[in-house]
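What follows is a single structure, written as C-alpha cells, with notes after it.
Whatever order the structure lists them in is the order used to number ligands and atoms, beginning at 1.
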Amino acid sequence: MSKTYVAVDIGASSGRLMLGQLHDGKLQLQEMHRFKNGFVKEAGHDRWQIDHLIEEILIGLEKIKRAGFSKITLGIDTWAVDYVLVGSNGQKLQNPISYRDNRTANSIAKLTSELPKDYIYKKTGIQFLDFNTLYQLFEEDKNLLAKTEKILMIPDYIGYVLTGQAVTEVTNASTTQMLSLREGLFDHDLLKKVNVRPEQFPKLVDAGTVLGPILNKWYQQYDLPEVEVITVATHDTASAVVGTPGIGQHWAYLSSGTWSLLGSELNVPENGKKAYCQNYTNEWGAYGTYRFLKNIMGLWIIQNVQKELPQQYSFAQLAALAEKEEPFQQYIDVNDSRFTNPATGMVQELQDYCRRTQQKVPQTPGELAMAVYSNLSLYYANELNILGDILGYPIDTLNIVGGGSNVRLMNQMTASLAQVDVYAGPSEATAVGNLIVQMITKQDVSNLQQGRQLITNSFAIKKFVPQNRNFTQQLLNYQKFLQEMKA
Ligand SMILES: Nc1ncnc2c1ncn2[C@@H]1O[C@H](COP(=O)(O)OP(=O)(O)O)[C@@H](O)[C@H]1O
Ligand SMILES: C[C@H](O)[C@H](O)[C@@H](O)C(=O)COP(=O)(O)O
Ligand SMILES: [Mg+2]
C-alpha cells in the first residue's frame, strides 16, 4: 500500500491541500481542500490572517481523514520573507505584517546608507526587494522585537503551532537577505543592524528534515489522521522549482503565480557584478542548489484587475477575451513599483500609466487582460536574454509552471518573443515539489532527478514552439521602451 503524502501550499492568493500517492510509477494528485488567502488592514498595517490559515489546514486534514486516509506525512510551503514574532509564552505577539505593507517603502535607502548595497549583495547574493525580511525587521516595533523569544518564518510558524517544534528552514531563510553565502549561517553584522540576537532565530535545517507528529491537543479539537510533519522546501518558490520538470539542456523555469519567478537552478551561487546590476537573486534551493532568479510582478496584476471589474470573470474567461484582442497595443514596465499595491486600484494605475506614456489606454476587460498578458510575456522574454547573458550561455528552453501555465496565450507569446521552446505545466508544481521532498525523505523517490522524471511521467506537459518571427521586433521595441523609462 503506497504511503499518503499531503502538501499544504499557501500562495499569496490561495491555499490548498494536495494529496499525493504513487501508483504504477506515477504520482497521482488529488485536491482535498482549497481556500482564499489575502491580507487585511489591522492595527495600521496590512496583515495576514494566520490563525485562519491554520484553521483551514486543520479543516483540510479532517476532510482527508473523512476520505479514509488515516496516516499521512505533511509538508508546508508558503510565500517568503514574512515572519511571526513569538513571545516567551510561545504565543504570537501580533498578526504577521504582509510584505505588501508600505512600512518598508524607503527602508533599503535608509539601511544601505550605513551598510552599502554591494557589501550586502556580496555577503548574501540576494536581490534588493523593499520587503525583504532584513528591511521589515529594520522597521519592526523595537519594543515587540525586545519581547520576542523566536522569530519564525511563516511556514516554520505553522509547523511550530502544529508540532511544537521550532526550526528555520534554509530555502525560506535565504529570502531574509540575512544568510551569509560563505558561512551558510545568519550573518551577525546584518542581524546586529536590525537589533536581532542570533538565538532569536531557531536552528537552521535543510529541506527534508523530519519535524515530528502533530501535538495531541489538536486531536481534542479536530478529527485528524495520524500526521508526521516533514520540513520541505518551505519557500513556495523553492518547492515550485523542485516541482519543475526541467526539460531542456540549458533550461530555465518560470514559476507563474501571484508572482512570476524567472531563473535557473545553479549548483554554485552567481553574485558577480552583472547579477548585482540586474538585481538577480541567489535564493537557496533544496539539496544544496541555488535559485538564481528575478522577481517579476506576475499575475498579481490580473488578480487585481479581476477583482476591480464591475462584472465577475473567471481567469479562463479573461484569457479567452484577451485572445480576441491585438497584442502589444501598449508597452508597460510590469515591474514598476507603482503596481506593487496601488492605492487607487490596479485598473486605474494601468490606465494612468498608459496616459502618462502617451499610449493607447486599455478599456475593456479583454483589452486590459491582453495588456497584462502581452507585457508580462515581453518582460519574460527580455529577462531570458538577460539571464543567458549573466550565465554566459543562451537559455534554450523555458519550463512554465504554476497557475499561469494555464494561459496558453502567454505561453505562446513568450515562446515566440524569446525564440525558445516553452513547456507548460504542472500548474500545481509547488505542491508537487512539496510532495517530492517528502517522498525523498521517506525514500519512495531516490533524488531530485528521479523526482523530475516522475513529474514528466505523471503530468500533461504542453509544448509551445516559437511561431511569429516579427515578434522579435516587438521585443526590441520593448527593450528600447524600458531603457527610455529608466532614463
Ligand atoms: N485556467 C486559467 N486561465 C487563466 N489563468 C489562470 C487559470 N488558472 C489559474 N490562472 C492564473 O493563475 C493564478 C494563480 O496561480 P497560482 O500558482 O495558484 O498562484 P498562488 O500560488 O500565488 O496562489 C491566478 O491568479 C490566475 O491568474
Ligand atoms: C516575496 C517572494 O518573492 C514571494 O514569496 C514569492 O516567492 C512567492 O510567494 C511566489 O509564490 P506565489 O505562489 O504567491 O506566486
Ligand atoms: Mg504559489
Heavy-atom gap R16 to ligand 1 smaller than 4.0 Å: yes

For atom 8 (N) of ligand 1, the protein heavy atom that lies nearest, with its residue and separation: N406 ND2, 3.2 Å

G246 backbone acceptor or donor facing T244 side chain under 3.5 Å: no

Exercise: do N95 and E42 side chains pair donor with acceptor under 3.5 Å: yes

Ligand 2 N/O within reach of S13 N/O, cut-off under 3.5 Å: no

Ligand 1 N/O within reach of S427 N/O, cut-off under 3.5 Å: no

Test of proximity, F131 against ligand 2: N or O pairs below 3.5 Å: no

Check: T237 N/O within less than 3.5 Å of ligand 2 N/O: yes

Side-chain heavy-atom pair S427, S405 within 4.5 angstrom cut-off: yes

Side-chain donor/acceptor of N37 to backbone N/O of S13, under 3.5 Å: no

Top protein contact for atom 14 (O) of ligand 2, by heavy-atom distance: A12 N, 3.0 Å

Distance filter under 4.0 Å to G257 heavy atoms, resulting ligand 2 atoms: 15 (O)

Side-chain donor-acceptor contact under 3.5 Å, D82 with W48: yes

Step-by-step salt bridge (Lys or Arg N to Asp or Glu O under 4.0 Å) determination, K92 to D51: CA-CA 10 Å; K92 63 178 163 51; D51 294 338; 2.9 Å; yes

Contact atoms of ligand 1, heavy-atom distance to I302 under 4.0 Å: 27 (O)

Interfacing atoms of ligand 2 (cut-off 4.0 Å, heavy-atom, W79): 5 (O), 9 (O)

Stepwise salt bridge (Lys or Arg N to Asp or Glu O under 4.0 Å) check, D46 with K41: CA-CA 4 Å; D46 289 329; K41 192 69 93 177; 3.5 Å; yes

Distance from atom 13 (C) of ligand 1 to nearest protein heavy atom, with residue and atom: L299 CD1, 4.0 Å

W259 N/O under 3.5 Å from ligand 1 N/O: no

Contact atoms of ligand 1, heavy-atom distance to G404 under 4.0 Å: 12 (O)

Side-chain donor-acceptor pair present, Q303, T258, cut-off under 3.5 Å: yes

Worked check of salt bridge (Lys or Arg N to Asp or Glu O under 4.0 Å) between K110 and E139: CA-CA 10 Å; K110 286 194 281 184; E139 300 296 348; 2.9 Å; yes

Salt bridge flag under 4.0 Å for residues E383 and K294: yes

Side-chain (E169) to main-chain (D156) donor-acceptor, under 3.5 angstrom: no

D352 side-chain N/O to E349 backbone N/O, donor-acceptor pair under 3.5 Å: no

Interfacing atoms of ligand 2 (cut-off 4.0 Å, heavy-atom, A80): 2 (C), 5 (O)

Per atom 9 (C) of ligand 1, closest listed option by heavy atom (A240, G403, G11): G403

Contact (N/O only, under 3.5 Å) between T258 and ligand 1: yes

Polar side-chain atom of T168 near backbone of P202 as donor-acceptor pair, under 3.5 Å: yes

Min N/O separation L261 to ligand 2 under 3.5 Å: no

Residue selection (non-hydrogen contact nearest atom 7 (O) of ligand 2) among E283, H235, Q127, R291: H235

Approximate separation, where rounding is to 0.5 Å, of L262 CG and L398 CG: 6.0 Å

Short N or O distance, W259 and ligand 2, threshold 3.5 Å exclusive: yes

Sub-3.5 Å N/O-N/O distance, R34 and ligand 1: no

Location of contacts on D236 toward ligand 1, heavy atoms closer than 4.0 Å: neither

Ligand 1 atoms in contact with S14 (distance to a heavy atom under 4.0 Å): 23 (O)

Atom pair CG/CD of L129 and Q177 - distance to nearest 0.5 Å: 8.0 Å

Heavy atom of the protein closest to atom 13 (O) of ligand 2 (residue, atom name, distance): D236 OD2, 3.6 Å

Heavy-atom nearest option to atom 4 (C) of ligand 1, drawn from V407, I10, D9, T237: V407

Sub-4.0 Å atoms of ligand 2 with respect to non-hydrogen atoms of T258: 14 (O), 15 (O)

Atom 25 (O) of ligand 1 - nearest protein heavy atom and its distance: Q303 NE2, 2.8 Å

Ligand-side contact atoms (ligand 2) for residue partner G11, heavy atom cut-off under 4.0 Å: 13 (O), 14 (O)

Proximity of N295 to ligand 2 by residue part, where a heavy atom lies under 4.0 Å: side chain

Full working for salt bridge (Lys or Arg N to Asp or Glu O under 4.0 Å) between E265 and R452: CA-CA 13 Å; E265 182 175 78; R452 286 180 171 143; 2.8 Å; yes

